[in-house]
Amino acid sequence: MGPAPYVCSMTMTVQIAVIGSAKATESNLAIAEEVGIALASSGAVIVTGGLGGVMAAACRGAKSTGGLTVGILPGSDPAAANQWVDVIIPSGIGEARNALVVSSAAAVIAVGGEYGTLSEIGLALRAGAPVIGVGTWSLFRPSGEMDKGIVQIDDPREAVA
């Protein structure tokens with residue numbers, strides 16, 4: 001018995017989370033937009049928290065080159081998503097949605113960030129996902145030794161590579 005006629009091949013697309021503050025500096029916005037452009041140009045799907053700041057800038061960059069963007073919102077209102085989100089997921093679970101953002105991605109790129117970004121970094125590192133930082137947090141162990149879990153890179157395009 002051969003394969004069923006409805007069997008189709010599926011190609012997997014890599015999903016990368018871009019995380020950072022909703023209230024970002026102009027510099028971080030420019031970096032996030034460049035990260036979004038580079039990710040979309042490489043064929044990656046961009047996953048964010050779907051709101052403003054770094055999340056919107058990364059989505060805007062991705063959309064400028066025809067990329068696909070996913071926003072996992074903390075609230076239940078889809079209208080809260082930034083205008084560059086293609087797939088809106090209103091989670092209704094508040095900051096706990098950070099776990100969904102990072103678990104939806106093969107890797108995480110953190111641009112700047114506040115405590116929400118820090119929580120996502122921690123969740124990603126705990127899950128074993130690669131975390132690339134561009135102007136983001138540094139972590140130190142209780143011994144005073146710097147944790148090497150976040151790979152710090154200055155150039156947005158190099159961070160994507």
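Quick note: residue numbers are just sequence positions, from 1.
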[X] with [Y], same ILVMFWY side-chain cluster at under 4.5 Å:
X      : Y      : answer
Ile109 : Leu118 : no
Val45  : Leu39  : no
Val14  : Val47  : no
Leu100 : Leu68  : yes
Ile19  : Leu51  : no

Quick check: does any side chain N or O of [X] sit under 3.5 Å from a backbone N or O of [Y], one acting as donor and the other as acceptor?
X      : Y      : answer
Asn82  : Gly52  : no
Trp137 : Glu114 : yes
Asp147 : Phe140 : no
Ser91  : Leu73  : yes
Thr69  : Asp86  : yes
Ser41  : Ala38  : no

- Side chains of Thr136 and Gln152: closer than 4.5 Å at any heavy-atom pair?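 A side-chain contact under 4.5 Å exists here.
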- Query: If we only count heavy atoms from C-beta on, is the Arg157 to Ile37 side-chain gap below 4.5 Å?
  - Reply: yes
Where [X] and [Y] come nearest, the two heavy atoms and their spacing:
X      : Y      : answer
Val134 : Ala159 : CG2-CB, 3.7 Å
Gln15  : Ser104 : NE2-O, 2.5 Å
Ala62  : Ile46  : CB-CD1, 3.6 Å
Gly20  : Met55  : O-CE, 4.1 Å
Gly149 : Leu125 : O-CD2, 3.4 Å
Val101 : Thr48  : CG2-O, 3.9 Å

Value rounded to 0.5 Å, distance of [atom1] in [X] from [atom2] in [Y]:
X      : Y     : atom1 : atom2 : answer
Ser103 : Arg97 : OG    : CZ    : 12.0 Å
Ile88  : Ile72 : CD1   : CD1   : 12.5 Å
Ile121 : Asn98 : CD1   : CG    : 11.0 Å

- Any chance you could lay out the side-chain contact (heavy atoms from CB on, under 4.5 Å) test for Val131 and Glu120, step after step, and finish with the verdict? CA-CA 10 Å; Val131 177; Glu120 289 169 314; over 6 Å; no
- Heavy atoms of other groups near Tyr115 OH, more than 12 under 6.0 Å: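 It does not: Tyr115 OH has 12 such atoms or fewer within range.
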